[in-house]
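First the structure, in the form of structure tokens, and then the observations on it.
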Amino acid sequence: MQKMLITELATQLQLSTRAIRYYEEVGLITPQKDGQNQYRLFTEHDAWRLQMIVALRELGLPIKQIRSLLLSLDQSEGSKEDTIRQYLDTQRSILFQTFIQLKEQIEVIDHITATEKEFSLDELHQLSLTSRHARKQREGWVDRWNFDRLAPRYDEIVSYPYRQEEREQDKYPIHACYEEALERVVHHLALQTGESGLEIGIGTGNLSARLLDRGVHLYGIDQSQAMLSICRKKFPQIETKLGNFLAIPYLDQRFTFIASSYALHHLTEEQKILALEEMDRLLQAGGRICIADLMFADNDHRQRYLTQLQMEGRDHWVREIEDEHYANRSSLEQWLRHHHYEVKTEQLLDYLHLIYAIKK
């Protein structure tokens, strides 16, 4: 393997020898040394690592995070390209969450400075509390269901929504109407060839397959790297990003439609409203939102259904429902109508509903 002196490497990479020595001092590269004169000897692998380090520094990553990535690359059994992509995808998601928070702070300042009337410290304090609460809601979501673990068998789970053994064990049939729900989303969106749309909670791409059949340009986000990895293999034509409902990593008014299925119920009621705000930010005028998910029409409907399950002796079903965050559909409808959406709804099962909204 050909080896280079530090001056040769510096010339090749257009770096200063001082910068190369610094990256050695902080432990990011470990060149060999000539046994006789102790000159540093750099391999092509060292050059590759330095290129990676410089690129990541230009992206604003601190030394600590770069060291973590290089360690992951050294230990990874998969391809270096996949490891780097996943790491950068994670960093992009974090940066976009920061962007959303900064945008909210700017909007608060604009709200205060744009008005001609005097504002009180109480008003400023209340605005700051609202902003802080929204930030905590965005940062507070965790994947309690471990979708990375579920990813390899997710398609099997939803393809056989209520198998015989599940009937015998009396398991709650969450996916009992899965295929019909996806078809209804596509029906309501009435897609036109060439449109650009986003699927939130894209998972392994089961809804995506139906959307792609309509000739659209599709983008997708999911919080599970394992889900995204499977989706990319199945549908390499879809641009996918790591992200979630609360900080969607795309710029404003990017899409003509947004779709989601069996994902919104993983958010709390307050987080669901933040999710609608994010969808509204991304959607063009005249654009459409279609959500198929686990929800009830309103609180009375929820209580009647849970009471009926208890009377049937299915307390374990009740516990499973209460462990999730099945939406109050009326609350989502109210928010959408208040923000100038025309809203239609459809009930497929007691606990499975569809919301279709057009942005006026």
Side-chain angles (χ1 to χ4, degrees), residues 1-107 109 131-132 135-136 138-139 148 219 221-226 228-229 232 236 239-244 246-252 254:
M1 180 183 295
Q2 184 179 1
K3 297 178 181 178
M4 296 172 281
L5 296 174
I6 191 170
T7 52
E8 296 174 301
L9 182 62
T11 300
Q12 176 179 316
L13 299 182
Q14 300 182 27
L15 282 174
S16 68
T17 55
R18 181 178 179 183
I20 296 174
R21 290 192 184 97
Y22 170 72
Y23 293 134
E24 179 187 359
E25 289 171 4
V26 297
L28 298 185
I29 56 172
T30 53
Q32 301 173 9
K33 290 188 177 181
D34 189 294
Q36 295 181 345
N37 54 31
Q38 294 298 298
Y39 286 168
R40 295 172 178 82
L41 298 175
F42 296 87
T43 64
E44 289 297 328
H45 179 68
D46 293 323
W48 181 88
R49 286 175 75 93
L50 273 170
Q51 286 180 306
M52 172 64 62
I53 293 164
V54 172
L56 295 175
R57 290 291 283 166
E58 286 296 321
L59 292 175
L61 270 69
I63 294 296
K64 183 178 179 180
Q65 291 185 11
I66 295 175
R67 183 182 293 111
S68 175
L69 171 58
L70 292 174
L71 180 62
S72 297
L73 289 171
D74 292 338
Q75 297 175 345
S76 175
E77 297 180 359
S79 72
K80 285 183 169 55
E81 290 75 12
D82 285 345
T83 302
I84 294 169
R85 176 175 181 164
Q86 288 186 7
Y87 188 86
L88 292 178
D89 219 13
T90 301
Q91 293 305 311
R92 187 182 188 279
S93 177
I94 294 170
L95 286 172
F96 224 93
Q97 184 165 310
T98 302
F99 164 76
I100 295 298
Q101 293 171 1
L102 291 173
K103 185 173 180 290
E104 286 181 344
Q105 292 169 7
I106 291 170
E107 289 170 351
I109 293 172
S131 178
R132 183 194 306 172
R135 184 180 72 252
K136 288 183 177 180
R138 286 195 170 91
E139 295 173 349
D148 280 344
Y219 302 77
I221 68 166
D222 203 284
Q223 57 80 34
S224 166
Q225 284 281 19
L228 288 176
S229 179
R232 286 166 183 151
E239 178 183 300
T240 56
K241 300 290 185 188
L242 186 70
N244 61 52
L246 306 176
I248 300 172
Y250 286 101
L251 298 177
D252 296 3
R254 175 71 182 273

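Side chains are part of it too, since the values below use all heavy atoms of this structure and drop only hydrogens, waters and symmetry mates.
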**Request:** Calculate, to the nearest 0.5 Å, the distance between atoms OG1 and CZ belonging to Thr240 and Arg85 respectively.
**Result:** 5.0 Å

**Prompt:** Side chain of Ser68, backbone of Lys64: donor and acceptor closer than 3.5 Å?
**Reply:** no

**Fill in**
Lys33 meets the salt bridge (charged side-chain N to carboxylate O under 4.0 Å, His left out) criterion, sequence neighbours left out, with none

**Request:** Identify the two heavy atoms, one from Arg57 and one from Pro62, that lie closest to each other, and give their separation to 0.1 Å.
**Result:** NH1-CA, 3.8 Å

**Prompt:** How about Arg67 and Val26: do any of their side-chain heavy atoms sit closer than 4.5 Å?
**Reply:** yes

**Fill in**
Rounded to the nearest 0.5 Å, the CG atom of Asp34 sits from the OH atom of Tyr39 at a distance of 9.0 Å

**Prompt:** Heavy atoms, side chains only, cut-off 4.5 Å: are Ile53 and Leu70 in contact?
**Reply:** yes

**Request:** Calculate, to the nearest 0.5 Å, the distance between atoms CG and CE belonging to Leu73 and Met52 respectively.
**Result:** 6.5 Å

**Message:** Are the side chains of Leu9 and Leu15 in contact, using a 4.5 Å heavy-atom criterion?
**Reply:** no

**Message:** Minimum heavy-atom separation for Ile66 and Leu28, please, with both atom names.
**Reply:** CG2-CD1, 4.1 Å

**Message:** Could you report the tightest heavy-atom contact between Ser93 and Gly243, atom names first, then the distance?
**Reply:** OG-CA, 4.0 Å

**Item:** Side-chain donor or acceptor of Thr11 paired with backbone N/O of Thr7 under 3.5 Å
**Value:** yes

**Request:** Report the relative orientation of the aromatic rings in Phe96 and Phe99; use parallel for angles under 30°, tilted for 30 to 60°, perpendicular for over 60°.
**Result:** perpendicular

**Prompt:** Does a side-chain heavy-atom distance below 4.5 Å link Arg49 with Thr30?
**Reply:** no

**Side-chain heavy-atom pair Leu50, Ile20 within 4.5 angstrom cut-off** = yes

**Gln38 atom CD, neighbour heavy-atom count above 12 within 6.0 Å** = yes

**Asked** Mind checking what makes salt bridge (charged side-chain N to carboxylate O under 4.0 Å, His left out) contact with Arg40, not counting sequence neighbours?
**Response** Glu24

**Complete:** Taken to the nearest 0.5 Å, the spacing of Leu61 CG from Gln91 CD works out to 4.5 Å

**Item:** Min side-chain heavy-atom separation Phe42-Gln12 under 4.5 Å
**Value:** no

**Request:** Please tell me if the side chains of Asp46 and Gln32 come closer than 4.5 Å, counting only heavy atoms from C-beta onward.
**Result:** no

**Message:** As an exercise, state the distance from CZ of Arg92 to CG of Leu242, rounded to the nearest 0.5 Å.
**Reply:** 10.0 Å

**Closest non-hydrogen atom pair between Ala10 and Ser16, with its separation** = CB-C, 4.4 Å

**Item:** Heavy-atom side-chain proximity of Tyr22 to Ile63 below 4.5 angstrom
**Value:** yes

**Complete:** Nearest heavy-atom approach of Tyr23 to Val54 is CE1-CG2, 4.5 Å

**Item:** CD on Gln65 to CG on Leu56, rounded to 0.5 Å
**Value:** 9.5 Å

